[in-house]
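Shown next, in structure tokens, is the structure this report addresses.
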Amino acid sequence: MHSDSGSALDAFSPIDFEAELNPEQRAAVLAPDGPALVLAGAGSGKTRTLTYRVAYLLQQGVWPSQILLLTFTNKAAREMLSRVEELTGMPSWKFWGGTFHGIGQRILRMHGESIGLEKNFTIMDQSDAESLLGDVIREIDSAFAKNKDNPKPKVVGDMISYARNTCRPVHEIVEERYPWIEELPVVVDGFAKAYEGRKRERQLCDYDDLLELWVKLLKENEEVRTHFQDRFKYILVDEYQDTNRVQATIINTLGEKNRNVMIVGDNWQCIYTWRGAEFENMTEFAEQYPDRQIYKIETNYRSTPGILDFANHMMVMHPPIDGYPLELKAHKPNTVLPYVVPAMDTRQQARYVMSRIEGLSQEGRSLKDIAVLYRAHYQAMDLQLELSRSGLPFTITSGVRFFEQAHVRDLVAQLRLASNPRDIAAFNRLAMLLPRVGARTADRLFKLAEKIAARDRISPVLALTHDEVLKKVPKDALDDYRDMGFTVQDIETAMGGPAGNAVEKEDQSDLFTEVVSDEKRAAEAKSPQEVMQLAIDGWYGDYMRTVFDNWQSRKDDLDSLVGFAGRYDTMEELLAQLVLLNSETSDRSIDPEQETIKLTTIHQAKGLEYPIVFVIGLAEGLLPLKRAIESGDTDEERRLFYVSVTRAQDELYLMFPKVSASGGPPQLLEPSRFLREVPEHLYEMLRVRTGW
DNA sequence: CGAGGTTTCGTTTTT
DNA sequence: CGAAACCTCG
């Protein structure tokens with residue numbers, strides 16, 4: 001895929017660390033070997049610091065393959081590595097850089113066999129995992145599933161996941177959350193075990209497995225552990241405040257030998273405790289490495305002093321976080337204060353944002369300089385409506401993501417099944433598309449096919465269209481079922497799989513006993529790109545136009561996947577990325593320069609910055625969220641607000657509706673406590689014109 | 001057992 | 001206002 005263009009570091013002009021970094025940053029970048037804790041406030045050039053650190057290491061003669069760079073999102077990893085490439089000319093693919101989940105996937109793919117993972121294991125996204133858990137629950141305790149007082153599979157899944165991410169026993173979490181159902185802890189514990197078993201038996205991994213099994217691999221396989229401990233001379237971790245216990249264990253294990261671990265974080269920006277993040281990891285790091293150096297980076301280049309004052313003051317009420325106080329110091333010259341704008345309701349709020357954007361646009365502001373942030377996806381609805389009406393271009397990084405759309409998942413399910421014939425979740429998804437096939441029929445068909453496969457020693461994929469199986473397929477579904485089966489077989493063949501190279505539609509009986517040598521297979525294996533095309537041209541392409549009225553545009557989506565597939569060398573890698581990248585923006589062409597307004601949740605805005613930021617829905621019950629108020633824990637909500645405020649560079653609009661309009665009787669809303677706590681002289685109150 | 005219509009519910013954040 | 005859950009019919 002890439003060619004080695006010569007690792008000529010020297011071809012690039014030496015980096016002037018003196019001129020390009022401030023003293024705080026430089027200290028961290030040029031830090032000597034040994035454990036280091038970098039406390040970097042919002043907008044202080046955290047990314048820049050990490051980037052230059054990598055560049056510095058390279059300059060010191062460290063090989064890129066000896067550096068492990070872990071970030072929270074794929075985007076952050078890409079950004080950093082491409083900046084390193086700009087800086088040093090070192091191509092980014094030479095590094096081990098990515099998310100914990102991404103790197104875990106890679107390592108497990110390479111060495112997972114010793115803990116029972118085959119190379120072709122499939123990664124399930126959250127909804128796959130949910131439905132698998134749902135199946136398991138229904139199977140082992142159908143009464144449980146029927147009683148509506150019991151938590152639903154999704155909630156059960158959340159509890160299990162939380163337990164795993166925090167390394168606590170499942171029953172303990174359940175006791176905390178459902179103290180009124182006495183037998184529940186034991187029951188859910190059983191579900192968790194059964195779910196675990198089902199995944200292993202089917203070579204399936206959910207997101208948490210990628211971390212948990214990574215730890216297991218490092219623990220149980222000394223050879224692998226030593227290999228990676230030696231290999232990664234330098235480990236850099238971004239956003240450490242949002243790592244969970246499992247991730248901390250990984251870092252601690254990998255760093256044990258060389259001890260060159262640099263973690264970067266900001267306690268005040270910890271916004272993922274709900275999925276097990278523990279900013280205490282920052283403190284624990286200090287305990288693990290008593291000799292760690294601390295580097296503080298507090299000068300903020302991003303925001304105006306007005307915005308920073310506001311941010312600092314709203315955190316005054318946050319309980320102190322042990323040990324590492326940070327205060328942002330402004331660097332920019334003073335300009336204007338943040339605006340606080342009350343609106344009648346969410347609709348007026350949307351219209352105000354609209355009109356303000358139009359105004360800014362007339363002042364010559366580019367639309368890509370503007371972002372609207374909110375706590376929850378649904379809060380963007382009104383605005384979406386208004387924006388589409390006005391014709392202002394916007395991109396929304398929420399809602400249904402590209403890889404989560406039904407047709408994409410359907411297509412991918414076929415690839416998954418061909419790649420991992422035990423992937424019952426993939427088969428069920430496909431089979432249930434067919435008329436008169438539901439969960440039960442699908443399950444029966446698949447298990448029958450597996451039995452036949454075992455008996456006749458043929459590929460399970462091939463067995464799908466065995467006569468005995470076809471007999472059990474409902475009449476209405478038969479034609480489609482057969483076509484589907486053949487397509488999956490074709491895919492398996494194209495991938496060099498065991499279906500063999502000569503699967504004819506008729507008279508299969510003799511052909512699949514043919515043994516295909518590995519080399520022959522490899523030689524015949526088509527590229528992921530070709531396979532993707534094959535899948536689109538097969539059954540699903542036809543099926544699609546019979547069920548979707550907008551099949552044409554869906555077809556375009558799938559066609560764009562062919563190009564996407566071209567970026568990967570193996571099918572396993574492609575399939576993994578399809579799942580792991582599912583948070584990426586849904587727009588087909590990821591084009592950062594396009595002239596559009598950005599609409600995003602606060603969570604997704606982490607690490608980004610915009611000249612002009614609107615934060616909407618700053619009312620009690622929305623931010624902080626009602627549930628947070630009820631549970632009495634609003635600290636994380638406050639940090640969330642802090643994160644949103646510190647995204648802004650020049651102008652910040654803080655908005656709240658006075659009436660909640662959506663659904664049911666209108667309710668009066670109070671301005672968010674986070675707004676009320678801030679002294680009035682730190683912001684300017686704007687009035688919205690009435691009479692809209 | 002599955003489909004399709006009807007009702008009811010509830011609405012966080014993501015790798 | 002939309003999607004899951006429920007119910008009844010084929």
Side-chain angles (χ1 to χ4, degrees), chain A residues 70-77 98-105 123-127 129-131 134 145-148 152-155 158 161-162 164-165 205-212 214 239 242-244 246-247 270-277 346 373-382 384-385 397-401 403-404 431-445 472 474-477 576-577 579-584 600-606 617 621-631 636-637 639-641 643-644 660-664:
Chain A
L70 289 165
T71 60
F72 215 66
T73 63
N74 294 294
K75 199 155 106 199
T99 61
F100 278 90
H101 294 84
I103 300 290
Q105 184 269 140
I123 305 169
M124 301 181 289
D125 66 21
Q126 189 172 333
S127 63
E130 254 164 43
S131 58
K146 285 192 187 113
N147 185 346
K148 60 178 165 42
K152 295 183 198 99
K154 180 180 163 28
V155 179
D158 283 348
S161 171
Y162 188 78
R164 297 170 68 198
N165 280 309
C205 285
D206 59 22
Y207 285 127
D208 299 333
D209 281 323
L210 297 179
L211 306 179
E212 253 186 351
W214 186 2
E239 310 272 18
D242 277 321
T243 55
N244 62 35
V246 186
Q247 291 165 320
C270 176
I271 53 176
Y272 284 97
T273 59
W274 51 273
R275 68 172 209 213
T346 55
L373 311 188
Y374 36 85
R375 173 71 236 256
H377 291 307
Y378 73 93
Q379 293 177 310
M381 295 254 288
D382 288 289
Q384 242 175 305
L385 218 67
T397 59
S398 43
V400 193
R401 305 198 237 292
F403 295 121
E404 281 173 5
M432 290 200 300
L433 295 173
L434 306 177
R436 310 220 62 88
V437 178
R440 299 185 184 255
T441 309
D443 210 62
R444 264 210 330 257
L445 290 174
K472 300 281 184 196
K475 270 203 202 68
D476 292 348
Q577 294 308 322
V579 180
L580 293 173
L581 290 179
N582 83 351
S583 72
E584 300 280 296
T600 138
T601 63
I602 300 171
H603 281 89
Q604 286 178 322
K606 190 167 112 165
L622 301 177
L623 185 76
L625 217 55
K626 198 159 93 202
R627 281 162 81 150
I629 299 172
E630 280 162 4
S631 75
E636 180 141 320
E637 302 289 310
R639 294 194 296 271
L640 218 35
F641 186 33
V643 167
S644 56
S660 88
S662 70

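Lettering of chains follows the sequences in order, A, B, ..., and the numbering in each one begins at 1. Since the structure is predicted, the reported quantities are computational estimates derived from the model, not experimental observations.
For A/T441 against A/P474, the heavy-atom pair with the smallest separation is CG2-CD, 4.0 Å. When all heavy atoms of A/A477 and A/P435 are compared, the closest pair comes out as CB-O, 3.3 Å.
Among the protein residues, A/Y272 comes within range of the sugar-phosphate backbone only, with heavy atoms under 4.0 Å from sugar or phosphate atoms but none that close to a base.
Side-chain atoms of A/S131 come within 3.5 Å of backbone atoms of A/S127 as a donor-acceptor pair (strictly under, hydrogens ignored). Without hydrogens or angle criteria, A/N165 side chain to A/S161 main chain gives a donor-acceptor distance under 3.5 Å. Under the 3.5 Å distance criterion, the side-chain polar atoms of A/R375 are left unmatched by any main-chain donor or acceptor of A/L622. Side-chain atoms of A/D242 come within 3.5 Å of backbone atoms of A/Y272 as a donor-acceptor pair (strictly under, hydrogens ignored).
One can place CG of A/L433 at 11 Å from P of B/dA3, the figure rounded to the nearest angstrom. Note: CG (A/L434) to P (B/dC1) measures 18 Å, nearest angstrom. The nearest whole Å value for the distance from the CG atom in A/L373 to the C1' atom in B/dT12 is 15 Å. A straight line from NZ of A/K154 to C1' of B/dT14 spans 10 Å, rounded to a whole angstrom. B/dT14 atom C1' lies 14 Å from atom CG of A/L581, rounded to whole Å. In this structure, the CD atom of A/E239 is 13 Å from the C1' atom of B/dT14, given to the nearest Å. Between A/N244 atom CG and B/dT14 atom P the separation is 17 Å, expressed in whole Å. When rounded to the nearest whole Å, the span between CG of A/L445 and P of B/dG2 equals 10 Å.
Contact check, A/T601 against B/dT14: a side-chain N or O comes under 4.0 Å of OP1 or OP2. The side chain of A/R375 places no N or O atom within less than 4.0 Å of a non-bridging phosphate oxygen (OP1 or OP2) of B/dT12. At the phosphate of B/dT13, OP1 or OP2 sits under 4.0 Å from a side-chain N or O atom of A/H377. For B/dT14, one of the phosphate oxygens OP1 or OP2 lies less than 4.0 angstrom from a side-chain nitrogen or oxygen of A/Q604. One finds a side-chain N or O of A/R627 lying less than 4.0 angstrom from the OP1 or OP2 phosphate oxygen of B/dT11.
Nearer to the 5' terminus of DNA chain B, by closest-nucleotide assignment, is the contact made by A/P435 (compared with the other of A/A376 and A/P435). Residue A/G438 is the one, among A/G438 and A/R275, whose nearest nucleotide of DNA chain B lies closer to the 5' end (criterion: closest heavy atom). Nearest-nucleotide positions on DNA chain C for A/M381 and A/R436 put A/M381 closer to the 5' end.
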Quiz item: Given pairs defined as Watson-Crick or G-U wobble with both distances under 3.5 Å, what dot-bracket annotation applies to DNA chain B, with ( ) intrastrand, [ ] crossing, | other strand and . unpaired?
Solution: ||||||||||.....
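Every residue was checked against the ring pair (Phe, Tyr, Trp, His ring centres under 6.0 Å) condition with A/Y162, not counting sequence neighbours, and none meets it.
Classification of the A/W214-A/F100 ring pair by plane angle, with boundaries at 30° and 60°, yields tilted. Using a 30° and 60° split on the angle between ring planes, A/Y374 and A/H377 fall in the perpendicular class, above 60°. The aromatic rings of A/H603 and A/W274 sit perpendicular to each other, their planes meeting at more than 60°, with 30° as the lower class boundary.
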What are the atom names and distances for every N/O pair under 3.5 Å that joins the protein to nucleotides 3-6 of chain C?
none

